Amino acid sequence: MRPCILLLPLLVALAGCKPEEAPVEARFVRTIVVDLKPIGEDRHGIGEVKPRYESDLSFRVAGKVLSRLVDVGAWVKQGDTLATLDTQDYQNRLRSAEADVRSSEAAFVEAQGAEERQAKLLKDGWTPRATYDTVLRNLRAAEAKLAAAKANLDLTQDQLNYTELKADFDGVITAVGAEAGQNVNAGQMVVKLARPADKDAVFNIAETVFTDVSDPYPEVIVWPLSNPGLTVEGVVREISPVADPATRTYTVKVTLKNLPPQLRFGMSIGGRLKGRTTLAAALPLSALFEKDGSPAVWVLDQQSSSLTLRPITVARYEANTVVVASGLATGDIVVTAGVNTLTVGQKVRLAAANLAGSNSK
């Protein structure tokens, strides 16, 4: 019995022993190194140089275009003739109006003489008052008819003058809307005339661009696409209050300062906001995680090889990236894949195919 008693504690000790648990292997993740850069330095729009003041010039009367004396790009002075209409009909109307004036003048002279004679007879008592009143009424009618005939003559003379289209100011022709031999209506555009000294940069901007712009009239840097080294400063003058129904973009007009002669109407230009010095980082959209309804990212602690969840502030979203305004610093390592399966404090290791650099902006 004694050997059994000695073996009992040993059996109990062996029964309480468990095999040692194997350590959990760290998970491989892909990351990106944060590199903060000035925000917006690569965010720009493409636009066009357009005149600030551009007038649609048209005839004030209808007719057949006899000649158009200018083409697109022609420089004209105030008072220069740009186009003419066939004047035959208006010359006929003018001759008819002149004849009406002469006829009305003759009738007026006759009525005036009759009134003078009847007035003398009435004074001497040789004619009744009713007869004189009739003659006086005829005089007043002849006088009114003469005034109407003269007014019609002035009108037909003006219409004849309107058959010549003249420049209202010094400028350059930017478009034409009629050719010789074409019948045009009054008010139909024949040429467009622009003031060359006043130019605007016009852009069509998506609504997402306005989300981080607090100044309603910010300053802008503009350059021609054919010569990026030629930069011109400007300021936003007008923003369309309604989006274009087809493109869903807003028209933005920028007044340009100190215009160089190389900047011409119709040039394709680029533009970006001036003076944006805020540092930001661009991350892949796959790096975003949501915590309590707010954006966050997983940051790797290199010393402990564990993860922490860090809240961030998003400046804007782009096609494949998100621009982070705050919450990150240069050198932070952010997980870019599988973020929805990670936990706080989890041990991770860098994948062999991990991105070595940053695509941040």
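These figures come from a predicted structure and were not determined experimentally.
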Residues T84 and E164: side-chain donor-acceptor under 3.5 angstrom | no
Does E115 come within less than 4.0 Å of R117, counting only side-chain N to carboxylate O?
-> no
Heavy atoms of other groups near F169 CZ, more than 12 under 6.0 Å | yes
Heavy-atom side-chain contact between L309 and K291 under 4.5 Å | yes
With a 3.5 Å cut-off and no angle check, do the side chains of S103 and D100 form a donor-acceptor pair?
-> no
Answer yes or no: is there a side-chain heavy-atom contact under 4.5 Å between L82 and V76?
-> yes
Quick one: does P284's side chain get under 4.5 Å of T321's, heavy atoms only?
-> no
Calculate, to the nearest 0.5 Å, the distance between atoms CG and CG belonging to N258 and L263 respectively.
-> 12.0 Å
Check the side chains of E54 and T174 for a donor-acceptor pair under 3.5 angstrom, ignoring hydrogens and angles.
-> yes
Compare all side-chain heavy atoms of V323 with those of V314 and state whether any distance is below 4.5 angstrom.
-> no
Would you give the length of the straight line joining atom CD of E143 to atom OG of S104, rounded to the nearest 0.5 angstrom?
-> 12.0 Å
Is K199 close to F265 at the side-chain level, that is, under 4.5 Å between some pair of heavy atoms?
-> yes
Flag for T336-S286: side-chain donor and acceptor within less than 3.5 Å = no
Counting only heavy atoms not in K120, do more than 12 fall under 6.0 Å of its NZ?
-> no
Look at atom CD of E110 and say whether more than 12 heavy atoms of other residues, nucleotides or ligands are closer to it than 6.0 Å.
-> no
Find out whether V191 and V70 are in side-chain contact, i.e. whether some heavy atom of one side chain is under 4.5 Å from a heavy atom of the other.
-> yes
Rounded to the nearest 0.5 Å, how far does CG of L66 lie from CG of L85?
-> 8.0 Å
Taken to the nearest 0.5 Å, the spacing of L153 CG from L94 CG works out to 6.0 Å
Mind checking the CG-CD1 spacing from N227 to I269? Nearest 0.5 Å is all I need.
-> 13.0 Å
Answer yes if the side chains of T251 and S240 hold a donor-acceptor pair under 3.5 Å, and no otherwise.
-> no
Side-chain heavy-atom pair K253, V236 within 4.5 angstrom cut-off = no
Give a yes or no on whether a salt bridge exists between R237 and D200, defined as a side-chain N under 4.0 angstrom from a carboxylate O.
-> yes
Lys/Arg-Asp/Glu bridge criterion (N-O < 4.0 Å) met for R129, D133 = yes
Hey, does L307 have a side-chain heavy atom less than 4.5 Å from the side chain of V344?
-> no
Should the pair R310-D332 be classified as a salt bridge under the 4.0 Å nitrogen-to-oxygen rule?
-> yes
Kindly check if the number of other-residue, nucleotide or ligand heavy atoms within 6.0 Å of CZ (R95) is above 12?
-> yes
Side-chain donor-acceptor contact under 3.5 Å, K347 with S306 = no
CH2-CG distance between W298 and N340, expressed to the nearest 0.5 angstrom | 9.5 Å
Applying side chain to side chain donor-acceptor pair (under 3.5 Å) to R68 and not counting sequence neighbours gives D71, E179
